[in-house]
Amino acid sequence: MTRIYKEFTFEAAHYLPSAPPGHRNARVHGHSFHVRVSIDGEPDPETGLIYHFDDLSAAIADVREMLDHQMLNDVPGLQAPTLEMISRWIWEQLAPRVPGLAEVALSRPSCQEGCIYTGGSSQ
């Protein structure tokens, strides 16, 4: 098995509805997010590719457009935009278009925090 990946970034604002009143995360704030999308598979014997990076870039561009410079709480399905929920949301957007999707790794480098979503049992 071979794994390939493509990375992208986006900037977005959010707040956490579950944060206690007065907590800094209950207020609107922003982050720079870094995402790595990984695909597992065997290279095609003729092309040598698992999945063409141009196709992956196109799928990622659509997802990035929905997130970049947005208020994440306003994105359908992201009313509680935690790292866990955002990584799962990205997975759900990509999975129908990206065969062999293995994981979505999402991080906020300035906070030194991240989350890896691998599809789980509900997929």
Side-chain angles (χ1 to χ4, degrees):
M1 187 66 60
T2 303
R3 178 169 285 187
I4 62 170
Y5 66 90
K6 181 89 176 156
E7 298 177 323
F8 70 100
T9 60
F10 67 95
E11 310 290 326
H14 74 147
Y15 63 90
L16 299 181
S18 62
H23 191 278
R24 64 186 179 142
N25 289 338
R27 297 188 300 266
V28 174
H29 59 283
H31 295 285
S32 297
F33 293 90
H34 181 265
V35 183
R36 183 177 63 204
V37 176
S38 299
I39 300 171
D40 285 349
E42 292 297 332
D44 180 277
E46 291 184 28
T47 66
L49 300 172
I50 293 171
Y51 191 75
H52 202 289
F53 278 111
D54 288 348
D55 297 331
L56 182 55
S57 293
I60 285 172
D62 292 342
V63 169
R64 186 177 186 276
E65 179 66 25
M66 291 186 273
L67 299 174
D68 192 42
H69 287 83
Q70 299 296 324
M71 169 59 88
L72 296 179
N73 301 72
D74 296 339
V75 174
L78 284 179
Q79 292 77 13
T82 61
L83 285 172
E84 297 87 342
M85 297 307 293
I86 300 166
S87 59
R88 181 181 184 138
W89 184 91
I90 293 170
W91 175 285
E92 290 170 351
Q93 304 310 303
L94 292 174
R97 292 180 63 180
V98 180
L101 185 60
E103 72 177 29
V104 171
L106 174 68
S107 66
R108 297 184 298 226
S110 65
C111 300
Q112 300 164 343
E113 300 169 336
C115 178
I116 298 172
Y117 186 73
T118 59
S121 60
S122 65
Q123 299 297 314

Discussion item. Grouping I, L, V, M, F, W and Y whenever their side-chain heavy atoms are under 4.5 Å apart, do Leu94 and Tyr117 come out in a common cluster?
Written reply: yes
Item to complete: For Ile116 and Ala105, work out which heavy atoms get closest and say how close.
Response: CG1-CB, 3.9 Å
Practice prompt. First locate atom CZ of Arg27, then atom NE2 of His23, and finally report the distance between them rounded to the nearest 0.5 Å.
Written response: 9.0 Å
Side-chain donor-acceptor pairs under 3.5 Å in residues 51-59, sequence neighbours left out?
residue : atom : partner : partner atom : Å
Tyr51   : OH   : Arg97   : O            : 2.9
His52   : ND1  : Asp54   : N            : 2.9
Ser57   : OG   : Phe53   : O            : 2.9

Item to complete: May I ask you to test the Leu67-Leu78 pair for a side-chain heavy-atom distance under 4.5 Å?
Response: yes
Item to complete: Kindly indicate, with the supporting measurements, whether the criterion side chain to side chain contact (heavy atoms under 4.5 Å, CB included) is fulfilled by Val28 and Met71.
Response: CA-CA 9 Å; Val28 174; Met71 169 59 88; 3.6 Å; yes
Worksheet item: Crowded around Glu113 CD? As in, over 12 foreign heavy atoms under 6.0 Å?
Response: yes
Worksheet item: Can Trp89 be reached from Phe8 by stepping across I, L, V, M, F, W or Y side chains whose heavy atoms are under 4.5 Å apart?
Response: yes
Worksheet item: Any Lys/Arg nitrogen of Glu84 or Arg88 sitting under 4.0 Å from an Asp/Glu carboxylate oxygen of the other?
Response: no
Worksheet entry | Side chain Asn73, main chain Tyr15, donor-acceptor under 3.5 Å | yes
Worksheet item: For Glu42, does the CD atom sit with more than 12 other heavy atoms under 6.0 Å from it, leaving out its own atoms?
Response: yes
Practice prompt. Report the relative orientation of the aromatic rings in Phe33 and Phe10; use parallel for angles under 30°, tilted for 30 to 60°, perpendicular for over 60°.
Written response: parallel
Item to complete: Determine, for Tyr5 and Arg36, whether the Lys NZ or Arg CZ falls below 6.0 Å from the six-membered ring centre while staying within 45 degrees of the axis.
Response: yes
Practice prompt. Return the minimal non-hydrogen interatomic distance between Pro20 and Ala26, and the atom names on each side.
Written response: O-CB, 3.9 Å
Worksheet entry | Sub-4.5 Å side-chain heavy-atom contact between Ser32 and Thr9 | no
Worksheet item: Going through the distances and angles, do His31 and Glu11 end up as a side chain to side chain contact (heavy atoms under 4.5 Å, CB included)?
Response: CA-CA 6 Å; His31 295 285; Glu11 310 290 326; over 6 Å; no
Worksheet item: Is there a side-chain contact between Leu83 and Arg108, using heavy atoms and a 4.5 Å cut-off?
Response: yes
